[in-house]
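The structure under discussion appears below in the form of structure tokens.
Residue indices begin at 1 and follow the sequence shown.
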Amino acid sequence: FKNLGIIIVDEEHDQSYKQDEGLTYNARDMAIARASFLNIPINLVTAVPSIETFENIKKKKYFYSRLEKRFKNAKLPNYEVINLNENKLKNQSWISTKTIEKVKFHLEKGDQILFFVNRRGFAPYVLCKKCLKVYTCPNCSINLVYHKNKENLLCHYCGFKTNLNRRCVNNESCQFIFSGPGVEKISEEVKKIFPNKNHIIFSSDTMNKKSSLETIKKITNNEIEILVGTQLISKGYHFPNLNCIVVVDIDLSTYGHDLRGAEKNLQLYHQLSGRAGRTGKPATVYFQTYNTSSNMIKDITNSNPNIFLEKELEIRRKNNLPPFERFISLILSGRNKEKVEALGFKIKERLEKNLNLKILGPVSAPIFKINKNFRFRLLIRSKKSQKIQKQLSNILNNYTNSSKIKLVVDVDPISFN
């Protein structure tokens, strides 16, 4: 840009701004740095700010303005919890009878329906009930996801594909159990329950084709009554008739080892509920759950997300977690597991000699193997005020590293996989 005057970062909280292939950097943070270098304004736009941005607002480093009302004074959707302990799911079913009643009520009013499940494919877990073997990727330490529409099993990390044909004990065919819901499984169930209604799957597998613009027009015109979608659908679409959202299993998104898990859920479900009731008609988001005691639903349905962010910030402050402490991840990967781990210990030893900081690891990464490479992680924890990047760069540059082992340095990591 020859004469850049303003930078606007839309959905500033979005994790996809973090680039983790090639050069590792956060595009939002680069935009803030560039605006600072050029001395021009930058607007960070979001329904729910990231914790880092929220802390900068609290410190009065950023000016802050908030839209108190939705466009045309449209009301925020109502929320309702469907207790799956009381409304038991039938065998091989993921939609409760109470949910079906609610959906029928909305369909009769001419409302569009969204069944939300943040998993691509048909089933994330396929095993044989005779030999009990699970389909896993030969290149990654991850289960293969069954895609029924393509009739294959797929690894969402390295792209490995295989079919379902497999011999079992006594050379007989395996008897498969498809465990867990994906969008294709929910779509199949929706088709059985509502055979006369037009429905589509809204995910990256179906919406990256040339026909997707035509599909969006049909949804906008209410020619498609039921959508089954992943988080792709939360990304700023305007569907005027969408007034009923069913979160198929909110419990699925509460598991994991992610420091930012609660923050990500808050942002996702606030964004998702923003798809409903956009033209002012009454709208409802239904959460199917077994865990009714969880505060998570209360947090994500509060019209003021700042209440949750305040609590989350306090937890982070007490435990010296980002944004109050700086994390730097070192990820080592290579084909020889023992050599990668040994190099991890050597690097740790060198870091401990040269940096007066807490160094954690090396430990196996939660996804231990990707594309035949074994992965170990180290985590450096330092005070926010310390500028250790240059020092770290010198230590690692002077360190002779095996060409067969890749080292990635990730400052302020977003993902811990």
statement: By side-chain hydrogen bond (donor to acceptor under 3.5 Å, both in side chains), Gln267 pairs with (sequence neighbours left out) Glu263
query: Looking at CZ of Phe160 and OG1 of Thr136, how far apart are the two atoms once the value is rounded to the nearest 0.5 Å?
result: 9.0 Å
task: Look at atom NZ of Lys348 and say whether more than 12 heavy atoms of other residues, nucleotides or ligands are closer to it than 6.0 Å.
output: yes
- prompt: Are the side chain of Asn26 and the backbone of Arg28 linked by a donor-acceptor contact shorter than 3.5 Å?
  reply: yes
field: Verdict with supporting geometry, Ser96 and Leu89, side chain to side chain contact (heavy atoms under 4.5 Å, CB included)
entry: CA-CA 5 Å; Ser96 76; Leu89 295 172; 4.0 Å; yes
query: Which atoms form the tightest heavy-atom contact between Ile245 and Ala276, and what is the distance?
result: CD1-CB, 3.8 Å
query: Are the side chain of Arg119 and the backbone of Thr230 linked by a donor-acceptor contact shorter than 3.5 Å?
result: no
field: Residues in salt bridge (charged side-chain N to carboxylate O under 4.0 Å, His left out) contact with Asp410, at least two apart in sequence or another chain
entry: Lys18
- line: Residue set satisfying salt bridge (charged side-chain N to carboxylate O under 4.0 Å, His left out) with Lys383, at least two apart, ordered chain then number -> none
- request: Would you check if the side chain of Gln271 reaches a backbone N or O of Ala47 as a donor-acceptor pair within less than 3.5 Å?
  value: no
query: When you look at CD of Glu151, are more than 12 heavy atoms from neighbouring residues, nucleotides or ligands closer to it than 6.0 Å?
result: no
Flag, side chain of Glu12 to backbone of Asn43, donor-acceptor distance under 3.5 Å: no
task: Kindly say whether Tyr17 contributes a backbone atom to a donor-acceptor pair with the side chain of Asp14 at under 3.5 angstrom?
output: no
message: So which atom in Gly344 and which in Leu332 form the shortest heavy-atom distance, rounded to 0.1 Å?
response: CA-CD1, 3.4 Å
- prompt: Can you find a pair of side-chain heavy atoms, one from Pro77 and one from Thr284, that are under 4.5 Å apart?
  reply: no
- request: Could you tell me the separation between the OG1 atom of Thr289 and the CD1 atom of Ile82, rounded to the nearest 0.5 Å?
  value: 11.0 Å
- line: Separation between CG (Leu355) and NZ (Lys353), nearest 0.5 Å, reads 13.0 Å
- prompt: Short question: side chain of Gln19, backbone of Tyr25 - any donor-acceptor pair under 3.5 Å?
  reply: no
Quiz: residues 141-148 side-chain donor-acceptor pairs under 3.5 angstrom, not counting sequence neighbours:
residue : atom : partner : partner atom : Å
Ser141  : OG   : Phe368  : N            : 2.9
Ser141  : OG   : Lys369  : N            : 2.9
His147  : NE2  : His156  : NE2          : 2.9
Lys148  : NZ   : Glu188  : OE2          : 2.6

message: Please tell me whether Tyr135 and Thr162 have a donor and an acceptor in their side chains that are separated by less than 3.5 angstrom.
response: no
- prompt: What's the verdict on side chain to side chain contact (heavy atoms under 4.5 Å, CB included) for Phe239 and Arg275, showing C-alpha distance, side-chain angles and the deciding distance?
  reply: CA-CA 7 Å; Phe239 300 138; Arg275 299 307 103 222; 5.8 Å; no
- prompt: Is any side-chain heavy atom of Leu127 less than 4.5 Å from a side-chain heavy atom of Phe176?
  reply: no
- prompt: Quick one: CG on Leu309 to CG on Leu266, what's the gap to the nearest 0.5 Å?
  reply: 5.5 Å
task: Mind listing the closest non-hydrogen atom pair of Val408 and Lys406 along with its distance?
output: CG2-CE, 3.7 Å
query: Should the heavy atoms of other residues, nucleotides or ligands under 6.0 Å from NZ of Lys90 be counted, would the total exceed 12?
result: no
message: Strictly distance-based, threshold 3.5 Å: is any side-chain N or O of Thr99 a donor or acceptor partner for the main-chain N or O of Ile95?
response: no
query: Taking Glu225 for the side chain and His199 for the main chain, is one N or O donor matched with an acceptor at less than 3.5 Å?
result: no
query: Side chain of Ser273, backbone of Tyr269: donor and acceptor closer than 3.5 Å?
result: yes
- prompt: Aromatic ring centroids of Tyr286 and His106 under 6.0 Å?
  reply: yes
Give the table of side-chain donor-acceptor pairs shorter than 3.5 Å for residues 317-330, with sequence neighbours excluded, one pair per line with atom names and distance.
residue : atom : partner : partner atom : Å
Arg317  : NH1  : Glu314  : OE1          : 2.7
Asn319  : ND2  : Ile315  : O            : 2.8
Glu325  : OE1  : Arg381  : NE           : 2.5
Glu325  : OE1  : Arg381  : NH2          : 3.0
Arg326  : NE   : Asp412  : OD1          : 3.1
Arg326  : NH2  : Asp412  : OD2          : 2.9
Ser329  : OG   : Arg377  : NH2          : 2.6

message: Check this for me, if you would: do Lys384 and Glu55 make a salt bridge, where the nitrogen-to-carboxylate-oxygen distance has to be below 4.0 angstrom?
response: no
field: Asp111 side, atom CG; Leu114 side, atom CG - distance, nearest 0.5 Å
entry: 12.5 Å
task: State, yes or no, whether a side-chain contact exists between Val103 and Val246 at a heavy-atom distance under 4.5 Å.
output: yes
field: Closest approach of Ile200 to Ile224 (non-hydrogen atoms, all atoms of both residues)
entry: CG2-CD1, 3.7 Å
- line: Note: Leu153 and Asn163 closest approach over all heavy atoms is CD1-O, 3.6 Å
field: Close side-chain approach of Leu232 to Ser203, heavy-atom, < 4.5 Å
entry: no
- prompt: Less than 4.5 Å apart, any side-chain heavy atom of Asn336 and any of Ile405?
  reply: no
message: With heavy-atom distances below 4.5 Å as the criterion, would you say the side chains of Asn198 and Glu223 are in contact?
response: no
task: For Tyr62 and Thr53, run side chain to side chain contact (heavy atoms under 4.5 Å, CB included): C-alpha distance rounded to whole Å, both residues' side-chain angles, the deciding distance at 0.1 Å, then the answer.
output: CA-CA 8 Å; Tyr62 295 171; Thr53 297; 4.0 Å; yes
query: Got Thr24 and Val409 here, is their nearest side-chain heavy-atom distance under 4.5 Å?
result: no
- prompt: Does a salt bridge link Lys337 with Glu341, judged by any charged N lying under 4.0 Å from a carboxylate O?
  reply: no
- request: Would you please test Lys102 and Glu80 for salt bridge (Lys or Arg N to Asp or Glu O under 4.0 Å) and show each step?
  value: CA-CA 10 Å; Lys102 300 284 185 187; Glu80 201 170 312; 2.9 Å; yes
query: Taking only residues two or more places apart in sequence or in another chain, which ones pass side-chain hydrogen bond (donor to acceptor under 3.5 Å, both in side chains) with Thr46?
result: His13
query: So which heavy atom on Glu310 is nearest to which on Phe54, and how close?
result: N-CE2, 3.8 Å
message: Does any part of the side chain of Phe376, heavy atoms only, come nearer than 4.5 Å to the side chain of Val363, both counted from C-beta?
response: no
message: Are there over 12 heavy-atom neighbours, none belonging to Ile6, within less than 6.0 Å of that residue's CD1?
response: yes
- prompt: Taking atom CG of Leu227 and atom CD1 of Ile113, what is their separation to the nearest 0.5 Å?
  reply: 9.0 Å
query: Any sub-3.5 Å donor-acceptor pair from Glu189's side-chain atoms to Trp94's backbone N or O?
result: yes
- request: Would you check, one step at a time, whether the test side chain to side chain contact (heavy atoms under 4.5 Å, CB included) holds for Val247 with Gln288?
  value: CA-CA 6 Å; Val247 178; Gln288 290 194 149; over 6 Å; no
query: Under 3.5 Å, is there a donor-acceptor pair between the Asn83 and Asn85 side chains?
result: yes
